[in-house]
Protein chains: 2
Amino acid sequence: MEPLAAERRTQGVQRGGRAARVVASVVAATAAELTRVGYGALRIEEVARRAGVNKTTVYRRWPTKAELVCAAARALLGEMVAPDTGSLRGDLIAYLWRAAQRARDPKLQGLLVTLNSRLDPELEALVQDLRNRARQMRVDLVRRGIERGELPRGTDPELVAEIVSAPILHRVLHLGEDVDEAHVAAVVDLVLAGAAACAVRPT
Amino acid sequence: MEPLAAERRTQGVQRGGRAARVVASVVAATAAELTRVGYGALRIEEVARRAGVNKTTVYRRWPTKAELVCAAARALLGEMVAPDTGSLRGDLIAYLWRAAQRARDPKLQGLLVTLNSRLDPELEALVQDLRNRARQMRVDLVRRGIERGELPRGTDPELVAEIVSAPILHRVLHLGEDVDEAHVAAVVDLVLAGAAACAVRPT
DNA sequence: TGTTAACGCAACTATAAGTTGCGTTTTTGT
DNA sequence: ACAAAAACGCAACTTATAGTTGCGTTAACA
């Protein structure tokens, strides 16, 4: 029984060989071109030229534009590791600041804009998965803070996680504006104060 | 001195005549096609077919895809009127609930996704303008609440406006998820409680 | 009612997408 | 080391869509 083509495409690439070099350069070129011209105007031939390979090579490994962009996203968007500073306030500031930093990385700019643009149903599944992981990490941070007694029992961790992260994510992902660490801290402090005073109950 | 072509394109169309009908049907078809296939795959010829006109008619009035989408956005995205319920809490809930409702309108779906996707620099100016107006309206609501004494003096109205609106806008515009009125109220209540307890000073 | 602007239609050019066949190079397995 | 298999480069090709042009026709307005 031979391995499926889909597996060979993304995993079965030999480490360090020619194939690995091709994949790496095409992925980098895809991200660069996405930043330069965006998804709609992304031309496979130009990606190939920029990567120093023939366009048939790109077409054979990634038959569609969506698969190419998915591969680039998987390769360049590594998992975030959960912070653990000892306090909820520190964890939230650390997490949101790192998330903001990453979102401002010029190399990831076009890729993130593309993923947030609902351009292809095939990209949506990947985006959903990435978002769910990140969201779960945020909720877990808040839940841990509640268990530590930093917020009242009965506080809804999902609501707090959403309210504290949305202002930062909305700025950097949606508006494309920058944030500084003081702003992150101001948001976290206001929301934590609200949660402490409010004690919203999960429905 | 004859009127500029650009003015004739969007304004000088005679009321009720054939031209007005053409503009209206093309604008509607553009929005519908944006919802169906998105900006990247938007084909002028298909818009024309759907609008019941010839493609040359569309090309003559709107030479580029971006101008066509801009015109559709201007025609379909009317100004929001500021709420005035007497209380800051009521104003914020009313504003955010209406904004969420509008963002969920199926006819506007594709248009809003397009405007949020940074697909064309020509669209960005329009988007910036729309966003700035909306943002200013939210800040004014909060500022009025502070002047009424509903929040402490020294509260930063821009920070509060951002934190209270981002969770809702992030959900409906960025994530494409739905919100109910109870959720809007929960967000507003938590943020107002935080602002009351925090009294962040503008820098 | 005549003048003008807008529209419909058909044909055209140009560009990009995507495919195929074949020879060459690299990797892999023994 | 050497044969088999996989991946790559190259050139040529088909197809599809974008966008333009010229000309005859229709509808609005004074």
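Order of the sequence lines fixes the chain letters, A, B, ..., with proteins taken first and strands second; residue numbering starts at 1 for each chain.
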Phosphate oxygens OP1/OP2 of [N]: is one of them under 4.0 Å from a side-chain N or O of [X]?
X     : N     : result
B/R49 : C/dG8 : no
B/R61 : C/dC7 : yes
B/T57 : C/dA6 : no

Using a strict cut-off of less than 4.0 Å between a Lys/Arg side-chain nitrogen and an Asp/Glu carboxylate oxygen, indicate whether A/R143 and A/D140 qualify as a salt bridge.
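Between A/D140 and A/R143 there is a salt bridge, with a charged N closer than 4.0 Å to a carboxylate O.
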
salt_bridge(A/E162, A/R135) N-O dist < 4.0 Å
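Answer for the salt bridge query: no.
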
Taking C-beta and beyond as the side chain, do A/R144 and A/L88 meet within less than 4.5 Å on heavy atoms?
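No; the side chains remain at least 4.5 Å from each other.
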
Is the closest side-chain heavy-atom distance between B/W62 and B/I44 below 4.5 Å?
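Contact flag for B/W62/B/I44 side chains = no.
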
Residue list, salt bridge (Lys or Arg N to Asp or Glu O under 4.0 Å) with B/R98, at least two apart or on another chain
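B/R98 satisfies salt bridge (Lys or Arg N to Asp or Glu O under 4.0 Å) with no residue once adjacent residues are dropped.
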
Can you name the residues that form a salt bridge (Lys or Arg N to Asp or Glu O under 4.0 Å) with A/D189, not counting sequence neighbours?
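In terms of salt bridge (Lys or Arg N to Asp or Glu O under 4.0 Å), with neighbours along the sequence ignored, A/D189 is linked to A/R89.
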
Could you run down nucleotides 17-25 of chain C 5' to 3' and tag each one B, S or - for protein heavy-atom contact under 4.0 Å?
SBBBB---B

So if I take residues 25-38 of chain B and measure heavy-atom distances to DNA chain D, which residues fall below 4.0 Å?
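Those residues whose heavy atoms fall under 4.0 Å from DNA chain D, taken from residues 25-38 of chain B, amount to none.
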
Without placing hydrogens or testing angles, list every side-chain donor-acceptor pair under 3.5 Å for residues 107-114 of chain A, not counting sequence neighbours.
| unit_1 | atom_1 | unit_2 | atom_2 | d |
| --- | --- | --- | --- | --- |
| A/T114 | OG1 | A/G110 | O | 2.7 |

To the nearest angstrom, how far is B/N54 atom CG from D/dG24 atom P?
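After rounding, the reported distance stands at 17 Å.
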
Which residues pass the side-chain contact (heavy atoms from CB on, under 4.5 Å) test with B/E46, not counting sequence neighbours?
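side-chain contact (heavy atoms from CB on, under 4.5 Å) list for B/E46, sorted by chain: B/E33, B/R36, B/R43, B/R49.
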
